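Working notes for the structure below.
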2 protein chains.
Amino acid sequence: MEDGTSESPGYCGDTDGDYDVLQWDTREDCEVRQILDRVADKWSLLVIALLDRRSLRFTELRRMIDGISQRMLTRTLRHLERDGLVSRTVHPTVPPRVDYALTPLGATLHETIRALVTWTEEHQGQIAAARGAFDRRVAAEQQAAAEEAAEREALAREALTARR
Amino acid sequence: MEDGTSESPGYCGDTDGDYDVLQWDTREDCEVRQILDRVADKWSLLVIALLDRRSLRFTELRRMIDGISQRMLTRTLRHLERDGLVSRTVHPTVPPRVDYALTPLGATLHETIRALVTWTEEHQGQIAAARGAFDRRVAAEQQAAAEEAAEREALAREALTARR
DNA sequence: CGGAATCCGCCACGATACTG
DNA sequence: CAGTATCGTGGCGGATTCCG
């Protein structure tokens, strides 16, 4: 099994009731974070999206995703299966055939995720602009610092030659 | 600066038009994934949620989050600032005072995220059930395999004693 | 074909110390 | 107070090999 997100089943009990915003933010360690990590996983989201069209075999997924290693595909599918987001059905044929499909639960999650994707698409312009502005500001500050350093060095050298 | 999500500004151009689902899934490497990683980041979401109430100082955030290191808080805030989700204002007082606040863009993102949190809260029961069932199945299979192995070993030993 | 098991590189993160 | 700089490390992910 290798790891498996730890076998602790239920709560984490970490919630000390400091602030009320933390009602779902601190306990993120319990449930929300688990799902969030699954969604944000490099491959999970891709698998969910692909399975949303139709059920697929292991090798089909492997080919479609292209950059993925068999190890990661296996792990990803196991995790999704464990969370009840993907169903795994083995056909006892030879050679063996395994089909993966999205469960109803997985389908609703995919819908929910789409909202986030939509948000990103709608605002990616603003984000790109913000990044550009930020990077330019940083570059300008760095250059200013560099010039100041050069000036200080020039002054120091000048003082040195004057002493001789 | 240390890293900075690479300074490549625009597209990734990785999109080979194989399937149409990949229209936003393959190019995830370009924009969607960036935001998703930011959201799924261990601390970013927490910071966004806390700043949704009111603007906060560096140390306030540090105390409220509790498990975070100063390094990670700095990095997180820088990333959020770069993406235009959080604004940073320095008050030229002594001692220095720096306030962080959610930008309008960040606020809309927070709203969008809430949908995902809501989904998780609504379905965490199903997920927990699925995990339980999965783990029990795995445990059962492992035990079955162990018993089978023990039986084989017993047979082998029996055969061995018979040969003497 | 569909995995499981093993080895290993890399970097994300934490702890620590220092600066303005 | 609000950071930057440096070092040490655990774990994630990839490559490879073997199994049913």
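Convention: sequence-line order gives letters A, B, ...; per-chain numbering from 1. Not measured: the values here are computed from a predicted model. As a basis for the values below, the full set of heavy atoms in this structure was taken, side chains included, without hydrogen atoms, waters or symmetry mates.
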Checklist line | Comparing A:Met72 and A:Pro96 on DNA chain D - which has the more 5′ nearest nucleotide | finding: A:Met72
Margin query: Once you apply a heavy-atom cut-off of 4.0 Å, does B:Arg57 come out as touching a base, just sugar-phosphate, or nothing?
Written below: sugar-phosphate
Note to self: If I take atom NE2 in residue A:His91 and atom C1' in nucleotide C:dG3, what distance separates them, rounded to the nearest angstrom?
What the structure shows: 17 Å
Next item on the list: Between C:dG3, D:dT4, D:dC1, spot the one nearest the side chain of B:Thr74, thanks.
Entry: D:dT4
Check: Going through the checks in order, is the salt bridge (Lys or Arg N to Asp or Glu O under 4.0 Å) test met by A:Asp52 and A:Arg114?
Finding: CA-CA 12 Å; A:Asp52 188 55; A:Arg114 281 202 140 104; 3.7 Å; yes
Margin query: Between B:Leu80 and B:Val90, is there shared hydrophobic-cluster membership here, with clusters defined by ILVMFWY side-chain heavy atoms closer than 4.5 Å?
Written below: yes
Next item on the list: Figure out the CZ/P separation between B:Phe58 and D:dT4, and round it to whole Å.
Entry: 9 Å
Margin query: Quick check for you: among D:dA2, D:dC1, C:dC13, whose closest atom lies nearest to any side-chain atom of B:Val98?
Written below: D:dA2
Item checked: Rounded interatomic separation in angstrom, taking CG from A:Leu77 and P from C:dC1 -> 17 Å
Next item on the list: Give B:Arg78 one of three labels, base, sugar-phosphate or nothing, depending on what nucleic acid heavy atoms sit under 4.0 Å from its own.
Entry: sugar-phosphate
Next item on the list: Counting heavy atoms from C-beta on, name the nucleotide in D:dG13, C:dA17, C:dA4 closest to the side chain of A:Arg71.
Entry: D:dG13
Notebook entry, point to check: Taking the nucleotide of DNA chain D with the closest heavy atom to each, which residue, B:Asp99 or A:Gln70, is nearer the 5' end?
Noted result: B:Asp99
Next item on the list: Would you kindly give the CG-to-P distance between A:Leu73 and C:dA4, to the nearest whole Å?
Entry: 11 Å
Next item on the list: Look at the side chain of B:Ser87 and the backbone N and O of B:Thr103, then say whether any donor-acceptor pair between them is shorter than 3.5 Å.
Entry: no
Margin query: Under a 3.5 Å distance rule, please check whether B:Thr59 uses its side chain to pair with a backbone N or O of B:Arg62 as donor and acceptor.
Written below: no
Next item on the list: Give the rounded distance in Å between these two atoms: CD1 of B:Ile68 and P of C:dA12.
Entry: 16 Å
Item checked: Protein-nucleotide distance (B:Arg62, atom CZ; C:dG14, atom P), rounded to Å -> 11 Å
Notebook entry, point to check: Expressed in angstrom and rounded to an integer, what is the separation of A:Trp43 atom CH2 from D:dC12 atom C1'?
Noted result: 13 Å
Checklist line | Phosphate OP1/OP2 of D:dG3: any B:Arg88 side-chain N/O under 4.0 Å | finding: yes
Notebook entry, point to check: In whole angstrom, what separates B:Arg75's CZ from C:dC13's C1'?
Noted result: 8 Å
Next item on the list: Without swapping roles, check the side chain of B:Arg82 against the backbone of A:Gly132 for a donor-acceptor pair under 3.5 Å.
Entry: no
